[in-house]
Amino acid sequence: MARHAPGPSTSDVLLRDVTERDLPIFFDQQLDSDANHMAAFTARDPADRDAFTAHWTRILGDETITIKTILFDGHVAGHVLSYEDEEFGQPEVSYWIGKNYWGKGVATTALTAFLDHFKVRPLYARAAKDNIASLRVLEKCGFTICGEDKGFSNARGEEVEECILNLPDPIHGEMIPR
């Protein structure tokens, strides 16, 4: 019988405001080619530090974006954020977990904690259709697939299918079709 290691306790995973000290760690995490392939929809050139800095300066200066650093055992494991999707005009959640923290339950625990505090619903998410781990995280957190799309993946150099997921309003159950 296969046994699964238990996920981290909630005390192992904490969310806090992003600080300038987190940015070099985020930069290093997003340099990983496996992580870029898995995420699919990434920066054109992950090694372009100037583009990275400009991107994060914009994010941190935008008061409509809610963003938190994910800590695991006191170490920066990644980040989670919500923003309004420009194409659809709806709130969307996204996250990045450093490869060293994959498979430990960090993403599920962090996203659950984020959703406990970020109450805007409906809330959307996207994941490459072949990113089974991310789709599973989102489903564990209550998201359901509500559509599909395609987009150009900088990391893969080709068009990639993606799933669109929705976390409905618990009172009204509203899902806005996309």
Side-chain angles (χ1 to χ4, degrees), residues 7-8 10 13-18 26 29-30 32 34-43 46 55-56 58-60 62-72 76-99 101-156 159-178:
T10 55
V13 177
L14 298 172
L15 302 181
R16 66 157 166 76
D17 290 338
V18 174
F26 295 165
Q29 289 174 341
Q30 57 95 49
D32 185 275
D34 291 336
N36 275 283
H37 183 83
M38 185 73 72
F41 304 101
T42 60
H55 175 74
W56 276 93
R58 184 184 60 76
I59 288 173
L60 294 174
D62 187 336
E63 293 182 9
T64 66
I65 295 175
T66 301
I67 185 162
K68 297 292 181 185
T69 292
I70 301 166
L71 298 176
F72 178 65
V76 174
H79 59 273
V80 59
L81 70 150
S82 181
Y83 60 96
E84 186 168 307
D85 179 270
E86 293 175 6
E87 184 178 352
F88 298 106
Q90 297 293 328
E92 194 164 309
V93 68
S94 182
Y95 55 88
W96 185 280
I97 305 296
K99 188 176 175 184
Y101 302 96
W102 291 3
K104 299 176 193 257
V106 173
T108 302
T109 303
L111 184 56
T112 298
F114 185 81
L115 295 172
D116 284 346
H117 296 284
F118 186 81
K119 301 289 189 182
V120 175
R121 305 289 187 273
L123 182 62
Y124 292 88
R126 297 169 184 251
K129 198 172 184 177
D130 61 359
N131 188 343
I132 303 304
S134 193
L135 290 169
R136 184 70 185 120
V137 166
L138 292 162
E139 289 171 347
K140 285 181 185 179
C141 291
F143 285 82
T144 57
I145 295 173
C146 65
E148 293 183 1
D149 200 1
K150 291 181 181 178
F152 185 78
S153 164
N154 290 316
R156 300 181 189 184
E159 193 168 81
V160 171
E161 292 180 334
E162 67 179 339
C163 294
I164 301 169
L165 298 95
N166 174 273
L167 183 62
D169 179 330
I171 296 171
H172 301 104
E174 293 178 19
M175 289 195 338
I176 300 168
R178 294 176 108 181

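Counting begins at 1 with the first residue of the sequence. Nothing here was measured: the structure is a model prediction, and the numbers come from that model.
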Exercise. Should Phe41 and Val160 count as side-chain neighbours, where that means a heavy-atom distance under 4.5 Å?
Worked result: yes
Exercise. Around atom CD of Glu159, are there more than 12 heavy atoms of other residues, nucleotides or ligands at under 6.0 Å?
Worked result: yes
For this session: With Leu111 as reference, evaluate Thr108, Thr109, Leu115 under the side chain to side chain contact (heavy atoms under 4.5 Å, CB included) test and give the passing residue.
Result: Leu115
Exercise. Looking only at heavy atoms, what is the nearest atom pair of Phe143 and Leu123, with distance?
Worked result: CE2-O, 3.4 Å
For this session: Please step through salt bridge (charged side-chain N to carboxylate O under 4.0 Å, His left out) for the pair Lys150 and Glu162, ending with a clear verdict.
Result: CA-CA 6 Å; Lys150 291 181 181 178; Glu162 67 179 339; over 6 Å; no
Problem set entry | Leu15 side chain near Leu71 side chain, heavy-atom distance below 4.5 Å | no
Exercise. Is the backbone of Pro46 close enough, under 3.5 Å, to the side chain of Gln30 for a donor and an acceptor to pair up by distance?
Worked result: yes
Problem set entry | Distance flag, aromatic centroids of Phe26 and His79, threshold under 6.0 Å | yes
Problem set entry | Distance-minimising heavy-atom pair for Ala35 and Gln29 | CB-O, 4.5 Å
Problem set entry | Validation row: Arg126, Glu92 side chains within 4.5 angstrom (heavy atoms) | yes
Exercise. How far apart are the C-alpha atoms of Asp149 and Lys129, what are their side-chain angles, what is the distance that settles it, and do they pass the salt bridge (charged side-chain N to carboxylate O under 4.0 Å, His left out) test?
Worked result: CA-CA 9 Å; Asp149 200 1; Lys129 198 172 184 177; over 6 Å; no
For this session: Please lay out, stage by stage, how Tyr83 and Thr66 fare under the test side chain to side chain donor-acceptor pair (under 3.5 Å).
Result: CA-CA 7 Å; Tyr83 60 96; Thr66 301; over 6 Å; no
Problem set entry | Side-chain heavy-atom pair Ile164, Ile145 within 4.5 angstrom cut-off | no
Exercise. Less than 4.5 Å apart, any side-chain heavy atom of Ile67 and any of Leu60?
Worked result: yes
Seminar exercise, completed: What one should report as the nearest heavy-atom pair of Tyr95 and Ser134 is OH-OG, 2.5 Å
For this session: For Asp32, enumerate each residue passing the salt bridge (charged side-chain N to carboxylate O under 4.0 Å, His left out) test, keeping only those at least two apart in sequence or located in another chain.
Result: none
For this session: Report the C-alpha separation of Glu84 and Thr64 in whole Å, then their side-chain angles, then the decisive distance to 0.1 Å, and conclude whether the side-chain contact (heavy atoms from CB on, under 4.5 Å) test is met.
Result: CA-CA 8 Å; Glu84 186 168 307; Thr64 66; 5.9 Å; no
Problem set entry | Distance (rounded to the nearest 0.5 Å) between Gln90 CD and Asp85 CG | 8.5 Å
Seminar exercise, completed: Between Leu165 and Ala127, the two heavy atoms sitting closest are CD1-N, 4.4 Å
Problem set entry | Asp116 side chain reached by Phe114 side chain, heavy atoms, under 4.5 Å | no
Seminar exercise, completed: Value for CD1 (Ile132) from CD (Glu139), rounded to nearest 0.5 Å, stands at 9.0 Å
For this session: For the residue pair Lys68 and Asp17, establish whether any side-chain heavy-atom pair is separated by less than 4.5 Å.
Result: yes
Exercise. Out of curiosity, Leu138 CG to Leu167 CG, how far, rounded to the nearest 0.5 Å?
Worked result: 9.5 Å
Problem set entry | Close side-chain approach of Arg156 to Asp130, heavy-atom, < 4.5 Å | yes
For this session: Could you tell me which non-hydrogen atom of Pro91 sits nearest to which non-hydrogen atom of Pro122, and how far apart they are?
Result: CG-O, 3.3 Å
Exercise. Do side-chain atoms of Ser94 reach the backbone of Leu81 as a donor and acceptor pair under 3.5 angstrom?
Worked result: no
For this session: Determine the minimum heavy-atom distance between Ala39 and Trp96, stating which atoms define it.
Result: CB-CZ3, 3.7 Å
